[in-house]
Amino acid sequence: MMRKLFFILFTLCVSLANGQVLYQISGNGAQANSYLIATNKLTDISFLDTIPNLFKCYGQSDKVITEFAMIDYQAIAALRQAAILPDSIRLSHYYTTDEYQLIDESLQLTLGMGIDKLGRMKPQYLTEMYRVELLKKWAGYDDNRSSEHFFETVARQQNKPIFGLDDIGETMFMQFDREPFHWQCTELKNIIEYPEREIKLEKNIRDLYKMGRLLDISYLISSPDNLSTISYSDYQVYIKRNKEWVKRLKPYLIEGKAFIVLDAMYLGGEGGLIALLKAAGYKVKPVNRK
(Lines give C-alpha, C1' and ligand atoms only; values in the text may rest on other atoms or scores of the structure.)
Protein backbone atom coordinates (compact mmCIF):
# COMPACT_ATOMS: atom_id res chain seq x y z
CA MET A 1 0.00 0.00 0.00
CA MET A 2 2.80 2.43 0.97
CA ARG A 3 4.71 1.62 -2.23
CA LYS A 4 1.61 2.31 -4.32
CA LEU A 5 1.01 5.62 -2.49
CA PHE A 6 4.65 6.63 -2.97
CA PHE A 7 4.47 5.84 -6.68
CA ILE A 8 1.30 7.92 -7.08
CA LEU A 9 2.84 10.88 -5.22
CA PHE A 10 6.09 10.60 -7.20
CA THR A 11 4.22 10.52 -10.50
CA LEU A 12 2.12 13.52 -9.43
CA CYS A 13 5.22 15.52 -8.43
CA VAL A 14 6.94 14.78 -11.74
CA SER A 15 3.78 15.75 -13.62
CA LEU A 16 3.41 19.04 -11.74
CA ALA A 17 7.09 19.90 -12.08
CA ASN A 18 6.83 19.38 -15.82
CA GLY A 19 3.44 21.08 -16.24
CA GLN A 20 4.54 24.69 -16.56
CA VAL A 21 4.86 27.28 -19.31
CA LEU A 22 5.60 30.41 -17.24
CA TYR A 23 8.87 30.80 -15.33
CA GLN A 24 10.53 33.37 -13.09
CA ILE A 25 14.25 34.04 -13.54
CA SER A 26 16.31 35.54 -10.74
CA GLY A 27 19.74 35.36 -9.08
CA ASN A 28 23.20 35.49 -10.63
CA GLY A 29 23.41 39.25 -10.06
CA ALA A 30 19.93 40.10 -11.36
CA GLN A 31 18.62 43.39 -9.92
CA ALA A 32 14.99 42.30 -10.38
CA ASN A 33 13.02 39.28 -11.52
CA SER A 34 12.49 38.48 -15.18
CA TYR A 35 9.96 36.09 -16.71
CA LEU A 36 9.99 33.47 -19.46
CA ILE A 37 6.82 32.34 -21.22
CA ALA A 38 6.72 29.38 -23.61
CA THR A 39 4.50 29.83 -26.67
CA ASN A 40 3.06 27.61 -29.38
CA LYS A 41 1.90 28.78 -32.80
CA LEU A 42 -1.10 26.41 -32.94
CA THR A 43 -2.42 27.54 -29.58
CA ASP A 44 -5.13 30.21 -29.61
CA ILE A 45 -4.57 33.42 -27.67
CA SER A 46 -7.54 32.51 -25.44
CA PHE A 47 -5.31 29.89 -23.81
CA LEU A 48 -3.21 32.68 -22.28
CA ASP A 49 -6.18 33.61 -20.07
CA THR A 50 -5.90 30.20 -18.38
CA ILE A 51 -2.31 30.80 -17.19
CA PRO A 52 -2.47 32.29 -13.66
CA ASN A 53 -0.41 35.45 -13.05
CA LEU A 54 0.72 35.67 -16.68
CA PHE A 55 -0.52 39.19 -17.34
CA LYS A 56 0.60 40.33 -13.90
CA CYS A 57 4.15 39.20 -14.75
CA TYR A 58 3.96 40.92 -18.11
CA GLY A 59 2.77 44.12 -16.41
CA GLN A 60 5.79 44.07 -14.08
CA SER A 61 8.17 43.91 -17.06
CA ASP A 62 9.56 46.91 -18.89
CA LYS A 63 10.88 45.16 -22.03
CA VAL A 64 10.05 42.17 -24.21
CA ILE A 65 12.67 39.76 -25.55
CA THR A 66 11.86 37.60 -28.58
CA GLU A 67 13.67 35.37 -31.03
CA PHE A 68 13.82 38.08 -33.67
CA ALA A 69 12.22 41.52 -33.43
CA MET A 70 11.37 42.01 -37.10
CA ILE A 71 10.10 45.59 -37.30
CA ASP A 72 12.54 47.01 -39.85
CA TYR A 73 11.27 46.92 -43.44
CA GLN A 74 14.86 46.68 -44.64
CA ALA A 75 15.29 43.55 -42.51
CA ILE A 76 12.15 42.03 -44.01
CA ALA A 77 13.40 42.82 -47.50
CA ALA A 78 16.77 41.24 -46.66
CA LEU A 79 15.03 38.07 -45.49
CA ARG A 80 13.04 37.83 -48.70
CA GLN A 81 16.18 38.32 -50.75
CA ALA A 82 17.99 35.62 -48.74
CA ALA A 83 15.25 33.14 -49.65
CA ILE A 84 16.17 33.33 -53.34
CA LEU A 85 18.48 30.71 -54.84
CA PRO A 86 21.67 31.70 -56.66
CA ASP A 87 21.31 31.69 -60.44
CA SER A 88 23.70 28.74 -60.70
CA ILE A 89 21.34 26.39 -58.82
CA ARG A 90 18.27 24.74 -60.30
CA LEU A 91 15.88 22.68 -58.21
CA SER A 92 15.25 20.38 -61.16
CA HIS A 93 18.81 19.04 -60.81
CA TYR A 94 17.99 17.55 -57.39
CA TYR A 95 14.88 15.55 -58.28
CA THR A 96 13.79 12.89 -60.72
CA THR A 97 11.28 13.93 -63.36
CA ASP A 98 8.43 12.31 -61.40
CA GLU A 99 9.48 13.91 -58.12
CA TYR A 100 9.78 17.31 -59.73
CA GLN A 101 6.32 16.97 -61.27
CA LEU A 102 4.83 15.91 -57.93
CA ILE A 103 6.34 18.91 -56.18
CA ASP A 104 5.14 21.25 -58.92
CA GLU A 105 1.57 19.92 -58.78
CA SER A 106 1.47 19.98 -54.97
CA LEU A 107 2.74 23.55 -54.73
CA GLN A 108 0.25 24.60 -57.38
CA LEU A 109 -2.62 22.95 -55.51
CA THR A 110 -1.66 24.17 -52.03
CA LEU A 111 0.01 27.54 -52.63
CA GLY A 112 -1.60 28.50 -55.93
CA MET A 113 1.81 28.73 -57.60
CA GLY A 114 4.01 26.06 -59.15
CA ILE A 115 7.72 25.66 -59.76
CA ASP A 116 7.64 28.21 -62.58
CA LYS A 117 6.89 30.92 -59.99
CA LEU A 118 8.49 29.42 -56.85
CA GLY A 119 11.44 27.49 -58.30
CA ARG A 120 13.87 30.30 -57.50
CA MET A 121 13.17 30.02 -53.76
CA LYS A 122 15.27 27.91 -51.38
CA PRO A 123 13.74 24.52 -50.51
CA GLN A 124 13.61 25.33 -46.78
CA TYR A 125 11.52 28.41 -47.56
CA LEU A 126 9.15 26.36 -49.75
CA THR A 127 8.89 23.71 -47.04
CA GLU A 128 7.90 26.30 -44.46
CA MET A 129 5.32 27.88 -46.78
CA TYR A 130 3.85 24.45 -47.49
CA ARG A 131 3.80 23.54 -43.78
CA VAL A 132 1.94 26.73 -42.87
CA GLU A 133 -0.77 25.96 -45.42
CA LEU A 134 -1.05 22.39 -44.12
CA LEU A 135 -1.48 23.67 -40.58
CA LYS A 136 -4.12 26.16 -41.66
CA LYS A 137 -6.12 23.43 -43.38
CA TRP A 138 -5.67 20.48 -41.03
CA ALA A 139 -4.71 21.90 -37.62
CA GLY A 140 -6.68 25.13 -37.37
CA TYR A 141 -3.66 27.43 -37.51
CA ASP A 142 -4.64 31.11 -37.63
CA ASP A 143 -1.81 33.63 -37.52
CA ASN A 144 -4.17 36.34 -36.28
CA ARG A 145 -5.26 34.16 -33.33
CA SER A 146 -1.92 32.53 -32.56
CA SER A 147 -0.49 33.11 -29.09
CA GLU A 148 3.02 33.07 -30.58
CA HIS A 149 3.20 36.81 -31.39
CA PHE A 150 0.63 38.13 -28.92
CA PHE A 151 2.97 39.81 -26.44
CA GLU A 152 5.15 41.28 -29.17
CA THR A 153 2.04 42.86 -30.70
CA VAL A 154 0.84 44.21 -27.34
CA ALA A 155 4.31 45.57 -26.52
CA ARG A 156 4.32 47.56 -29.79
CA GLN A 157 0.91 48.99 -29.00
CA GLN A 158 2.18 50.05 -25.57
CA ASN A 159 5.51 51.35 -26.91
CA LYS A 160 7.30 48.86 -24.71
CA PRO A 161 10.81 48.16 -26.11
CA ILE A 162 11.29 44.83 -27.93
CA PHE A 163 14.69 43.18 -28.37
CA GLY A 164 15.61 40.20 -30.53
CA LEU A 165 18.07 37.49 -29.53
CA ASP A 166 19.10 36.88 -33.15
CA ASP A 167 20.35 39.44 -35.64
CA ILE A 168 19.27 39.50 -39.28
CA GLY A 169 22.12 37.25 -40.45
CA GLU A 170 21.39 34.57 -37.85
CA THR A 171 17.69 34.72 -38.61
CA MET A 172 18.38 34.20 -42.31
CA PHE A 173 20.55 31.21 -41.46
CA MET A 174 17.86 29.64 -39.26
CA GLN A 175 15.15 30.26 -41.85
CA PHE A 176 16.94 29.20 -45.00
CA ASP A 177 20.30 27.53 -44.41
CA ARG A 178 20.37 25.57 -41.16
CA GLU A 179 20.21 22.32 -43.16
CA PRO A 180 22.59 21.30 -46.00
CA PHE A 181 21.05 22.06 -49.39
CA HIS A 182 20.63 18.44 -50.46
CA TRP A 183 18.77 17.72 -47.22
CA GLN A 184 16.54 20.75 -47.74
CA CYS A 185 15.56 19.23 -51.09
CA THR A 186 14.81 15.89 -49.43
CA GLU A 187 12.67 17.54 -46.74
CA LEU A 188 10.63 19.43 -49.33
CA LYS A 189 9.91 16.15 -51.10
CA ASN A 190 9.11 14.41 -47.81
CA ILE A 191 6.62 16.99 -46.57
CA ILE A 192 4.75 16.74 -49.88
CA GLU A 193 4.78 12.93 -49.88
CA TYR A 194 4.01 12.54 -46.15
CA PRO A 195 2.08 15.62 -44.95
CA GLU A 196 0.48 13.58 -42.17
CA ARG A 197 3.86 13.47 -40.36
CA GLU A 198 3.91 17.25 -40.05
CA ILE A 199 0.33 17.47 -38.86
CA LYS A 200 0.83 14.72 -36.29
CA LEU A 201 3.98 16.32 -34.87
CA GLU A 202 2.53 19.81 -34.63
CA LYS A 203 -0.70 18.59 -33.02
CA ASN A 204 1.25 16.51 -30.50
CA ILE A 205 3.44 19.51 -29.65
CA ARG A 206 0.33 21.64 -29.16
CA ASP A 207 -1.25 19.06 -26.85
CA LEU A 208 1.93 18.71 -24.79
CA TYR A 209 2.29 22.48 -24.62
CA LYS A 210 -1.20 22.94 -23.22
CA MET A 211 -0.27 20.49 -20.46
CA GLY A 212 2.98 22.40 -19.85
CA ARG A 213 5.10 19.38 -20.74
CA LEU A 214 8.11 21.17 -22.23
CA LEU A 215 10.45 18.30 -21.47
CA ASP A 216 8.27 15.90 -23.43
CA ILE A 217 8.24 18.29 -26.39
CA SER A 218 12.03 18.08 -26.55
CA TYR A 219 11.85 14.27 -26.41
CA LEU A 220 9.22 14.23 -29.14
CA ILE A 221 11.28 16.36 -31.55
CA SER A 222 14.62 14.63 -30.95
CA SER A 223 13.16 11.09 -31.04
CA PRO A 224 14.31 8.74 -33.84
CA ASP A 225 10.61 8.04 -34.44
CA ASN A 226 10.06 11.65 -35.52
CA LEU A 227 10.26 11.66 -39.32
CA SER A 228 8.88 15.15 -39.86
CA THR A 229 10.89 18.07 -41.23
CA ILE A 230 11.44 19.40 -37.69
CA SER A 231 13.54 16.65 -36.18
CA TYR A 232 16.75 15.66 -34.37
CA SER A 233 19.10 17.69 -36.58
CA ASP A 234 17.00 20.83 -36.05
CA TYR A 235 16.99 20.23 -32.30
CA GLN A 236 20.79 20.10 -32.29
CA VAL A 237 20.87 23.48 -34.03
CA TYR A 238 18.45 24.83 -31.40
CA ILE A 239 20.72 23.60 -28.59
CA LYS A 240 23.76 25.32 -30.08
CA ARG A 241 21.82 28.55 -30.47
CA ASN A 242 20.43 28.29 -26.92
CA LYS A 243 23.99 28.45 -25.59
CA GLU A 244 24.50 31.74 -27.38
CA TRP A 245 21.14 33.02 -26.19
CA VAL A 246 22.13 32.51 -22.54
CA LYS A 247 25.08 34.86 -23.10
CA ARG A 248 22.96 37.42 -24.91
CA LEU A 249 20.27 37.35 -22.25
CA LYS A 250 22.74 38.24 -19.50
CA PRO A 251 22.54 42.06 -19.72
CA TYR A 252 18.74 41.94 -19.86
CA LEU A 253 18.56 39.57 -16.89
CA ILE A 254 21.08 41.59 -14.86
CA GLU A 255 18.94 44.68 -15.35
CA GLY A 256 15.81 42.61 -14.65
CA LYS A 257 12.15 43.12 -15.55
CA ALA A 258 12.54 41.34 -18.89
CA PHE A 259 9.63 39.39 -20.35
CA ILE A 260 11.05 36.66 -22.60
CA VAL A 261 8.71 35.13 -25.19
CA LEU A 262 10.02 32.02 -26.99
CA ASP A 263 8.66 28.93 -28.72
CA ALA A 264 8.23 25.96 -26.40
CA MET A 265 10.45 23.85 -28.70
CA TYR A 266 13.52 25.76 -27.52
CA LEU A 267 12.98 25.49 -23.78
CA GLY A 268 12.78 21.88 -22.57
CA GLY A 269 15.35 19.10 -22.25
CA GLU A 270 19.01 19.00 -21.23
CA GLY A 271 19.96 21.39 -24.02
CA GLY A 272 16.86 23.56 -23.60
CA LEU A 273 17.12 27.18 -22.57
CA ILE A 274 15.71 26.57 -19.09
CA ALA A 275 18.36 23.96 -18.24
CA LEU A 276 21.13 26.12 -19.69
CA LEU A 277 20.01 29.17 -17.69
CA LYS A 278 20.12 27.09 -14.52
CA ALA A 279 23.58 25.79 -15.44
CA ALA A 280 24.72 29.41 -15.89
CA GLY A 281 23.75 30.18 -12.28
CA TYR A 282 20.26 31.62 -12.61
CA LYS A 283 17.32 30.52 -10.48
CA VAL A 284 14.55 29.43 -12.82
CA LYS A 285 11.32 28.35 -11.17
CA PRO A 286 7.69 27.96 -12.23
CA VAL A 287 5.57 30.99 -11.40
CA ASN A 288 2.49 28.88 -10.77
CA ARG A 289 4.01 26.15 -8.64
CA LYS A 290 1.26 23.78 -7.50
If the plane angle is over 60° it's perpendicular, under 30° parallel, otherwise tilted; pick one for [X] and [Y].
X: Tyr266; Y: Tyr238; answer: perpendicular
X: Phe150; Y: Phe55; answer: perpendicular
X: Tyr100; Y: Tyr95; answer: tilted

Heavy-atom check, side chain of [X] versus side chain of [Y], under 4.5 Å:
X: Phe181; Y: Pro123; value: yes
X: Gln81; Y: Ile84; value: yes
X: Leu48; Y: Phe151; value: yes

Full working for side-chain contact (heavy atoms from CB on, under 4.5 Å) between Leu165 and Leu262: CA-CA 10 Å; Leu165 291 173; Leu262 293 172; 4.2 Å; yes
Going only through I, L, V, M, F, W and Y residues with side-chain contacts under 4.5 Å, is there a path from [X] to [Y]?
X: Leu227; Y: Tyr232; value: no
X: Met211; Y: Leu54; value: yes
X: Val154; Y: Val64; value: yes
X: Val132; Y: Tyr194; value: no
X: Ile162; Y: Ile45; value: yes

[X] [atom1]: over 12 foreign heavy atoms closer than 6.0 Å:
X: Lys63; atom1: NZ; answer: yes
X: Glu193; atom1: CD; answer: yes
X: Tyr125; atom1: OH; answer: no

Full working for salt bridge (Lys or Arg N to Asp or Glu O under 4.0 Å) between Asp166 and Arg248: CA-CA 9 Å; Asp166 282 349; Arg248 294 175 189 181; 3.7 Å; yes
Give a yes-or-no answer on whether the side chains of [X] and [Y] include a donor-acceptor pair shorter than 3.5 Å.
X: Tyr35; Y: Gln60; value: yes
X: Glu128; Y: Gln124; value: no
X: Thr96; Y: Asp98; value: no

Look only at the side chain of [X] and the backbone of [Y], and say whether a donor-acceptor pair between them is shorter than 3.5 Å.
X: Lys122; Y: Ala82; result: yes
X: Ser106; Y: Ile103; result: no
X: Lys283; Y: Asn28; result: no
X: Asn226; Y: Ser222; result: no
X: Thr186; Y: His182; result: yes
X: Ser147; Y: Asn40; result: yes
X: Ser146; Y: Asp142; result: no
X: Gln184; Y: Glu179; result: yes
X: Asn288; Y: Pro52; result: yes
X: Arg120; Y: Leu85; result: yes

Ring-face cation contact, Phe259 with Lys160, 6.0 Å cut, 45° max: no
How long is the straight-line distance from [atom2] of [Y] back to [atom1] of [X], given to the nearest 0.5 Å?
X: Ile230; Y: Ile191; atom1: CD1; atom2: CD1; answer: 8.5 Å
X: Lys203; Y: Trp138; atom1: NZ; atom2: CH2; answer: 9.0 Å
X: Leu208; Y: Ile217; atom1: CG; atom2: CD1; answer: 5.5 Å
X: Leu126; Y: Thr110; atom1: CG; atom2: OG1; answer: 12.0 Å
X: Lys250; Y: Ile254; atom1: NZ; atom2: CD1; answer: 6.0 Å
X: Arg145; Y: Phe47; atom1: CZ; atom2: CZ; answer: 14.0 Å

Test side-chain contact (heavy atoms from CB on, under 4.5 Å) applied to Tyr94 and Ile89, step by step: CA-CA 10 Å; Tyr94 292 84; Ile89 297 179; 4.1 Å; yes
Worked verdict on Glu244 versus Arg241 for salt bridge (Lys or Arg N to Asp or Glu O under 4.0 Å): CA-CA 5 Å; Glu244 288 299 315; Arg241 185 176 59 166; over 6 Å; no
Working for side-chain contact (heavy atoms from CB on, under 4.5 Å), residues Lys210 and Thr43: CA-CA 8 Å; Lys210 287 185 174 181; Thr43 301; 3.9 Å; yes
Glu170/Asp167 under side-chain contact (heavy atoms from CB on, under 4.5 Å): CA gap, chis, key distance, verdict: CA-CA 5 Å; Glu170 291 162 328; Asp167 61 26; 3.2 Å; yes
Step-by-step salt bridge (Lys or Arg N to Asp or Glu O under 4.0 Å) determination, Lys137 to Glu133: CA-CA 6 Å; Lys137 184 175 182 180; Glu133 292 305 314; over 6 Å; no
